[in-house]
Amino acid sequence: MNWKMAFCAGASALVCVMGAAHAQETFKMGLEATYPPFESKSGDGKLQGFDVEIGNMICERMKVKCVYVENSFDGLIPALQARKFDAINSAMNITAKRKAAIDFTSPVYIVPIQMVAKRGSNLMPTTASLKGKTVGVLQGSSQEDYLKKHWATAGVKVTSYQDQDQVYADLVAGRIDAAVQESQTAMDGFLSKPAGKDFDYAGAPLSDPDTLGEGTGLGMRKGDPQRAKVQAAIDSLKKDGSFSKLSMKYFKRDIIAK
């Protein structure tokens with residue numbers, strides 16, 4: 001008989017039930033909270049955003065308690081591998097490069113990647129238009145991989161930043177000529193704000209499955225048996241329309257991957 005059985009044998013059933021209730025399993029999710037509307041902080045410091053609500057729904061469906069761990073975006077994969085949390089839930093696109101290091105759930109949603117530049121600059125997301133120009137991007141992102149692969153080798157200067165707000169600040173200050181990020185992040189975090197009044201999307205969304213991936217999912221350690229439970233929760237929340245309803249709340253359209 002182990003110590004738990006011995007304790008329950010010598011204690012009332014009520015005590016044992018209460019002990020089990022207090023021992024609710026937790027599930028830790030890593031994120032960087034500087035990427036609205038996906039993850040950010042409210043004025044009183046509380047985590048908020050589409051990914052946070054997605055994570056809460058997954059945990060509720062799994063019957064576990066969500067715990068969020070903040071981490072720089074470019075350090076999320078090493079931190080996951082170091083077991084600082086159980087999953088990455090931070091608008092991380094599923095790419096071949098990342099799949100070599102970690103596993104992913106199926107894509108939860110898909111958001112276009114677009115360039116933003118000053119209105120009237122006539123810049124387009126092509127190497128011919130951007131040669132000699134400087135483009136800002138979030139460090140460690142799939143967008144950074146795209147820019148380094150396709151643009152940095154063709155005379156475009158790529159400057160990487162530790163958080164997205166720094167990208168927008170330098171864009172307004174004229175230290176960079178354009179920025180590349182997810183379209184909804186650009187709208188909610190910059191274009192819809194006073195600082196972004198003179199800027200707009202420039203050109204069509206970028207496309208490259210190798211670097212930009214096949215959508216956004218939760219990243220997990222290789223071979224983690226918990227992945228099956230997380231995937232089952234995601235499948236269930238897609239099937240009953242919960243994720244699509246949340247997408248309509250945030251984006252007025254359904255971005256959930258089918």
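Scope of the values below: all heavy atoms of this structure, side chains included, with no hydrogens, waters or symmetry mates.
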Under 4.5 Å side-chain linkage, directly or through intermediates, the cluster mates of Val167: Val116, Tyr161, Tyr168, Leu171, Val172, Ile176, Met187, Phe190, Leu191, Phe199, Tyr201
Taking the side chain as C-beta and beyond, is there a heavy-atom pair between Leu237 and Lys239 under 4.5 Å? no
Does any part of the side chain of Ile54, heavy atoms only, come nearer than 4.5 Å to the side chain of Ile234, both counted from C-beta? no
Using the rule given for salt bridge (charged side-chain N to carboxylate O under 4.0 Å, His left out), can you reason through Lys157 versus Asp177, listing the C-alpha separation, both sets of side-chain angles and the distance that settles it, and then say yes or no? CA-CA 10 Å; Lys157 183 179 179 182; Asp177 301 290; over 6 Å; no
Which of Thr159, Thr134, Asp170 passes side-chain hydrogen bond (donor to acceptor under 3.5 Å, both in side chains) with Arg175? It is Asp170
At what distance, to the nearest 0.5 angstrom, does CG of Asp86 lie from CG of Asp224? 7.0 Å
For the pair Phe243 and Tyr109, evaluate ring-ring contact (aromatic ring centres under 6.0 Å, His included) and give the outcome as yes or no after the intermediate values. CA-CA 9 Å; Phe243 279 172; Tyr109 58 86; 8.9 Å; no
Does a side-chain N-to-carboxylate-O contact under 4.0 Å join Glu70 and Lys41? yes
Can you find a pair of side-chain heavy atoms, one from Lys65 and one from Glu25, that are under 4.5 Å apart? no
So, taking the atom named CD in Glu144 and the one named NZ in Lys148, what distance separates them when rounded to the nearest 0.5 Å? 4.0 Å
How about Asn56 and Glu60: does a side-chain donor come under 3.5 Å of a side-chain acceptor? no
So do the side chains of Lys118 and Leu123 get within less than 4.5 Å of each other, counting heavy atoms only? no
Evaluate the criterion salt bridge (charged side-chain N to carboxylate O under 4.0 Å, His left out) for residue pair Asp208 and Lys149; output intermediate values, then yes/no. CA-CA 10 Å; Asp208 177 18; Lys149 176 182 176 181; 3.6 Å; yes
For residues Met124 and Ile113: do they belong to one hydrophobic cluster (side chain heavy atoms under 4.5 Å, members Ile, Leu, Val, Met, Phe, Trp, Tyr)? no
Can you confirm whether the side chains of Ser90 and Glu32 place a donor and an acceptor under 3.5 Å from each other? no
Flag side-chain contact, heavy atom, 4.5 Å: Asp210 against Lys97: no
Answer whether the closest heavy-atom distance between the side chains of Val180 and Leu147 falls below 4.5 Å. yes
Set of residues satisfying side-chain hydrogen bond (donor to acceptor under 3.5 Å, both in side chains) with respect to Thr127, sequence neighbours excluded: none
Under the rule for side-chain hydrogen bond (donor to acceptor under 3.5 Å, both in side chains), what residues qualify as partners of Gln184, not counting sequence neighbours? Asp188
Are Gln231 and Ser106 close enough, and set up right, to give a side-chain hydrogen bond (donor to acceptor under 3.5 Å, both in side chains), and what steps lead you there? CA-CA 7 Å; Gln231 185 63 57; Ser106 65; 2.9 Å; yes
Does the salt bridge (charged side-chain N to carboxylate O under 4.0 Å, His left out) test come out yes or no for Asp103 and Lys222, once each step is laid out? CA-CA 5 Å; Asp103 284 340; Lys222 287 282 188 183; 3.4 Å; yes
Can you name the residues that form a side chain to side chain contact (heavy atoms under 4.5 Å, CB included) with Glu53, not counting sequence neighbours? Leu246, Lys249, Tyr250
Apply salt bridge (charged side-chain N to carboxylate O under 4.0 Å, His left out) to residues Arg61 and Asp240 and explain how you reach the verdict. CA-CA 12 Å; Arg61 195 60 55 97; Asp240 69 13; 3.0 Å; yes
If you apply the rule side-chain hydrogen bond (donor to acceptor under 3.5 Å, both in side chains), what do you find for Ser244 with Asp254, and how did you get there? CA-CA 6 Å; Ser244 293; Asp254 191 355; 2.9 Å; yes
Does Phe27 have its ring centroid less than 6.0 Å away from the ring centroid of Phe85? no
Straight-line distance of Met92 CE to Ser141 OG, nearest 0.5 Å: 9.5 Å
Between Lys28 and Lys84, is any pair of side-chain heavy atoms under 4.5 Å apart? no
State, to 0.1 Å, how close Ala87 and Met220 come at their nearest heavy-atom pair, and which atoms those are. CB-CG, 4.1 Å
Residues at least two apart in sequence or cross-chain that pass ring pair (Phe, Tyr, Trp, His ring centres under 6.0 Å) with Phe104, listed by chain then number, are none
Are Ser142 and Asn93 close enough that a side-chain donor and a side-chain acceptor fall under 3.5 Å? yes
Test of understanding: with side chain to side chain contact (heavy atoms under 4.5 Å, CB included), list the residues that count as partners of Ala178, not counting sequence neighbours. Met115, Ala117, Val135
Indicate yes or no: at least one non-hydrogen side-chain atom of Glu39 is less than 4.5 angstrom from one of Tyr68. no
State whether a side-chain donor-acceptor pair under 3.5 Å links Gln181 with Gln114. no
Are Ile110 and Tyr35 in one and the same hydrophobic cluster, where Ile, Leu, Val, Met, Phe, Trp and Tyr link if side-chain heavy atoms are under 4.5 Å apart? no
Note: Ala101 and Ile77 closest approach over all heavy atoms is CB-CG2, 4.2 Å
